[in-house]
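Everything on this sheet refers to the single structure shown next.
In each ligand, atom 1 is the first atom listed, and ligand 1 is the first ligand listed.
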Amino acid sequence: MDPMTTYDLIVIGTGPGGYHAAIRGAQLGLKVLAVEAGEVGGVCLNVGCIPTKALLHAAETLHHLKVAEGFGVKASPEVDLKKLAAWRESVVKRLTGGVAGLLKGNRVELVRGFARFAGPKEIEVNGERYGGKSVIVATGSEPAALKGFPFGEDIWDSTRALKVEEGIPKRLLVIGGGAVGLEFGQIFHRLGSQVTLIEYMPEILPASDPETAALLRKALEKEGIRVRTGTKAVGYEKKQDGLHVTLEPAQGGQGETLVVDKILVAVGRRPRTEGLGLEKAGVKVDERGFIQVNARMETSAPGVYAIGDVARPPLLAHKAMREGLVAAENAAGKASAFDYQVPSVVYTSPEWAGVGLTEEEAKKAGYKVKVGKFPLSASGRALTLGGAEGLIKVVGDEETDLLLGVFVVGPQAGELIAEATLALEMGATVSDLGLTVHAHPTLSEGLMEAAEALHKQAIHILNR
Ligand SMILES: Cc1cc2nc3c(=O)[nH]c(=O)nc-3n(C[C@H](O)[C@H](O)[C@H](O)COP(=O)(O)OP(=O)(O)OC[C@H]3O[C@@H](n4cnc5c(N)ncnc54)[C@H](O)[C@@H]3O)c2cc1C
C-alpha cells in the first residue's frame, strides 16, 4: 500500500462548519485537508439558507408591490419562474465559488469524495488513505422523513421545494411549523399556491417565545396562509383530484380530509453519520444519532472533533460556523470552548428572531422575571416602511436588572437581534439597553423602548 499522506488537520465536510474549521486551522498554521462528497458550501449555501433567502426576497418584493398600491405605486407584477431560478442559482454559485476560492487562498487542500474512517485518526476517500493529527467531522444533516409520507414526486423535502421553476402547485400542504416550513409556506403562498401549514405542537416555533410566535402566525394567517396548530398528518391517498391527506388533532380524535396537490415535509433534520465508520474511530453518538461532544467540541475519541448539525441542535449555520472555529483552535493547541448565545431567525415577513431565555426558561432558571414590550404600531420607522406589525419583547431579571432574552417579530428582526446578542454577551442590564442612544427613526429604537417599558418608562407607549 502507498504510504499514507498525513495532515495536521482533516476536515470532513465543507458546509458552514467545515469551511470555517478548515480556514481557521490554516490561519493557525496547520496543514489542512478538507473532504467534500457533494457541493462545496454544504446545505446552507447550496440548498438551505442562501437559496431560501433569495426566494423569500423575490416573494417579498412581489408582495411589497401589492402593499405599495396603498401609497400610490401601481404595478401589475408577474413572475418569470425560470428567471427567478436562474438568479437563485447565480447567487448560490457566486457564494460557493467564493468559499472554494477562500479554501484555496488559505492553502487548504480539497479532495472530492465521500470520507469514511479507516482507523482512529485515519480516513479513506476514493480508495486513498489520509492520516490526520486531528480530524473534524462536519458532515451536517439531511431532511428527516415522516411516517406515512415517504419522499417522492408528490412528497417534497426542502431541496425539492426550492425548484420553483418546475411549477407552483395549486394547493400545497406544509407539514411542520418550524423555520423551514414557515419560510417555504410563505414563498409558495406569495408565488400563488393555496397553502395550509400544520404543526403538531400548540403553537408554531414551539421551542420558543409563544407570544411573538403567535403574532407571526397571525400575520401569516392574515396574508392568507391557513395555519393549523395542534394538528398532525397521519397519511394520504393519491386520487384523481389530488392527494387526500388525513389530518387529526395532535391528541387523536376526529379526523378530516384535506385535498392538496403537493406536500412539503419539514418536520426536522437528522444528523448525517451513516457510512462514516464512526465505530472505527471510537466516536460515540447519542440516542438521537448526534455525535457526542463537549464544550471544546471534542468527541469521545481523542483528537477527533465534531461540529455543526452532526454534533447537536440547534441546527443553525452560525452555530456550526462558530463551533468550527472552536474545534480548529483546539486542534491547533489553543484552549477554546463554545459558550455563546445563539440567536435564531425566521426570514418570513414579518421576520421573527430570538436570543437568550424565554420567560418560561428564565422562570425555570430561578430568575424573577420581568418583561418589557414595545409594539411596532408605535414605531415611526415601521409606519414609514408601510407596515406596523410586530413586537419587541425584552425579558429581564427584576432583582439584578440583568437582560436575559430578547424576542422580535417585525421587519428586519434578524438584523435587530444582533444587538440583543451582543448585549447578552456583554452581560448588559436592561438599563444598559435603555440607556443606549438609538438613531431615530429606526426599528432598533424599539429595543431601547422595550427596555424602558420593562421599567415602566417607555415614551411612545403608555406604561401600565
Ligand atoms: C431549507 C433550509 C434553510 C435553512 N436556512 C437557514 C438559515 O437561514 N439560517 C441558518 O442559520 N441555518 C439555516 N439552515 C440550516 C443550515 O443549513 C445548517 O445548520 C448548516 O448548513 C449546517 O452546517 P454544517 O457545516 O454542520 O453541515 P452542512 O451544511 O450540512 O454540510 C455538510 C457537508 O458535508 C458533506 N459530507 C457529508 N458527509 C460526508 C462525508 N462522509 N465525506 C465528505 N463529505 C461529506 C456534505 O456533502 C455537505 O456538503 C437551513 C437549512 C435548510 C434545509
Side-chain angles (χ1 to χ4, degrees), residues 10-22 33-57 88 92 96 99-100 110-118 123-126 130 135-144 156-163 174 176 178-185 187 264-278 281 290-291 293 297 305-325 327 342-348 351-353 414 417:
I10 296 176
V11 181
I12 308 176
T14 64
Y19 84 74
H20 273 70
L33 171 72
V35 189
E36 175 54 60
E39 304 292 332
V40 168
V43 166
C44 181
L45 273 68
N46 289 286
V47 292
C49 330
I50 296 302
T52 49
K53 265 77 272 180
L55 291 179
L56 279 160
H57 178 62
R88 181 197 69 217
V92 167
T96 54
V99 170
L110 178 63
V111 167
R112 302 291 195 136
F114 188 90
R116 39 177 72 79
F117 279 97
I123 62 157
E124 192 204 298
V125 189
N126 307 325
Y130 303 87
V135 180
I136 297 178
V137 182
T139 51
S141 64
E142 55 205 6
W156 294 354
D157 64 12
S158 56
T159 301
R160 171 60 188 84
L162 285 169
K163 296 194 180 126
V174 177
V180 173
L182 295 170
E183 291 180 6
F184 273 111
I187 290 168
L264 167 61
V265 175
V267 293
R269 297 180 64 83
R270 57 188 190 102
R272 205 187 285 125
T273 51
E274 225 178 274
L276 254 182
L278 291 176
F290 290 103
I291 296 179
V293 289
M297 307 314 298
Y305 302 82
I307 57 171
D309 285 7
V310 79
R312 58 189 177 187
L315 306 189
L316 294 171
H318 41 285
K319 190 218 68 160
M321 292 171 174
R322 182 52 58 107
E323 289 182 342
L325 301 182
V342 180
S344 59
V345 179
V346 182
Y347 295 81
T348 45
E351 290 186 350
W352 181 95
I417 210 67

### Query
In terms of atom number and element, which parts of ligand 1 are under 4.0 angstrom from non-hydrogen atoms of Leu315?
15 (C), 19 (O)
#### Entry: Side chain, backbone, both or neither: the part of Ser158 lying under 4.0 Å from ligand 1 by heavy atom
side chain
### Summary
Counting from 1 in the order shown, the ligand 1 atoms closer than 4.0 Å to a non-hydrogen atom of Ala320 are 23 (O), 26 (O)
#### Entry: Ile12: numbered ligand 1 atoms lying under 4.0 Å from its heavy atoms
40 (C), 42 (N), 43 (C)
### Summary
for atom 41 (N) of ligand 1, nearest protein heavy atom and its distance come out as Ala115 O, 3.0 Å
### Task
Closest by any non-hydrogen atom to atom 50 (C) of ligand 1: pick that one out of Pro343, Gly277, Cys49, Gly17.
Cys49
### Test item, Gly113 contacting ligand 1 (heavy atom, 4.0 angstrom)
yes
## Note on the structure
Numbered in order shown, the ligand 1 atoms found under 4.0 Å of a heavy atom of Thr52 are 1 (C), 3 (C)
### Task
Take every heavy atom of Glu39, measure it against each atom of ligand 1, and state whether any distance is under 4.0 Å.
yes
### Query
Do any nitrogen or oxygen atoms of Ile307 come within less than 3.5 Å of a nitrogen or oxygen of ligand 1?
no
### Query
Counting only heavy atoms, which portion of Val345 has something under 4.0 Å from ligand 1: side chain, backbone, both, or neither?
neither
### Query
With a 4.0 Å cut-off on heavy atoms, is Lys53 touching ligand 1?
yes
### Task
For ligand 1, indicate whether the residue Val43 contacts it via side chain, backbone, both or neither (heavy-atom separation under 4.0 Å).
both
### Query
Does Val35 reach ligand 1, in the sense of a heavy atom lying below 4.0 Å from it?
yes
### Query
Between the candidates Pro143, Gly48, Ala34, which shows the shortest non-hydrogen contact distance to atom 52 (C) of ligand 1?
Gly48
### Task
Show which atoms of ligand 1 fall inside a sub-4.0 Å distance from at least one heavy-atom site of Val47.
1 (C)
#### Entry: Structural part of Ser141 in contact with ligand 1, heavy atom criterion under 4.0 angstrom
backbone
### Query
Any idea which atoms of ligand 1 are less than 4.0 Å away from a heavy-atom of Phe114?
40 (C), 41 (N), 42 (N)
### Shortest heavy-atom approach to atom 17 (O) of ligand 1 - which of Cys44, Gly414, Ala311
Cys44
### Query
How close does the nearest protein non-hydrogen atom get to atom 53 (C) of ligand 1, and which residue and atom is it?
Arg269 NH1, 3.2 Å
### Residue Arg160 excluded, over 12 heavy atoms near CZ under 6.0 Å
yes
### Query
Nearest to atom 47 (O) of ligand 1 by heavy atom, Glu183, Glu36, His20, Arg112: which?
Glu36
### Task
Report the part of Asp309 (side chain from C-beta onward, or backbone N, CA, C, O) that has a heavy atom under 4.0 Å from ligand 1; answer both or neither where that applies.
both
### Query
What protein heavy atom is closest to atom 39 (C) of ligand 1, reported as residue, atom name and distance in Å?
Thr139 CG2, 3.6 Å
### Message
Among all the protein's non-hydrogen atoms, which is closest to atom 34 (O) of ligand 1, and how far away is it?
### Response
Gly13 CA, 3.3 Å
### Task
Give a yes or no on whether Glu124 atom CD has more than 12 heavy-atom contacts from other residues, nucleotides or ligands under 6.0 Å away.
yes
### Query
What atoms in ligand 1 come closer than 4.0 Å to a heavy atom of Gly140?
26 (O), 27 (O), 28 (P), 30 (O), 32 (C)
### Message
Would Ala317 count as being in polar contact with ligand 1, using the rule that some N or O on each side must be under 3.5 angstrom apart?
### Response
yes
### Task
Check ligand 1 against Leu276 and write out every atom of the ligand that is under 4.0 Å from a heavy-atom position of the residue.
41 (N)
### Message
At under 4.0 Å between heavy atoms, is it the side chain or the backbone of Arg272 that contacts ligand 1, or both, or neither?
### Response
side chain
## Note on the structure
Among Gly42, Ala138, Ala37, closest by heavy atom to atom 32 (C) of ligand 1 is Ala138
### Query
Identify the closest protein heavy atom to atom 23 (O) of ligand 1: which residue and atom is it, and at what distance?
Pro16 CD, 3.3 Å
Considering only distance and modelled atom types, tabulate donor-acceptor pairs under 3.5 Å from the side chains of residues 313-321, sequence neighbours left out.
unit_1	atom_1	unit_2	atom_2	d
His318	NE2	Pro343	O	2.7
Lys319	NZ	Gly308	O	3.3
Lys319	NZ	Arg312	O	2.5
Lys319	NZ	Glu323	OE1	3.3
Lys319	NZ	Glu323	OE2	3.4

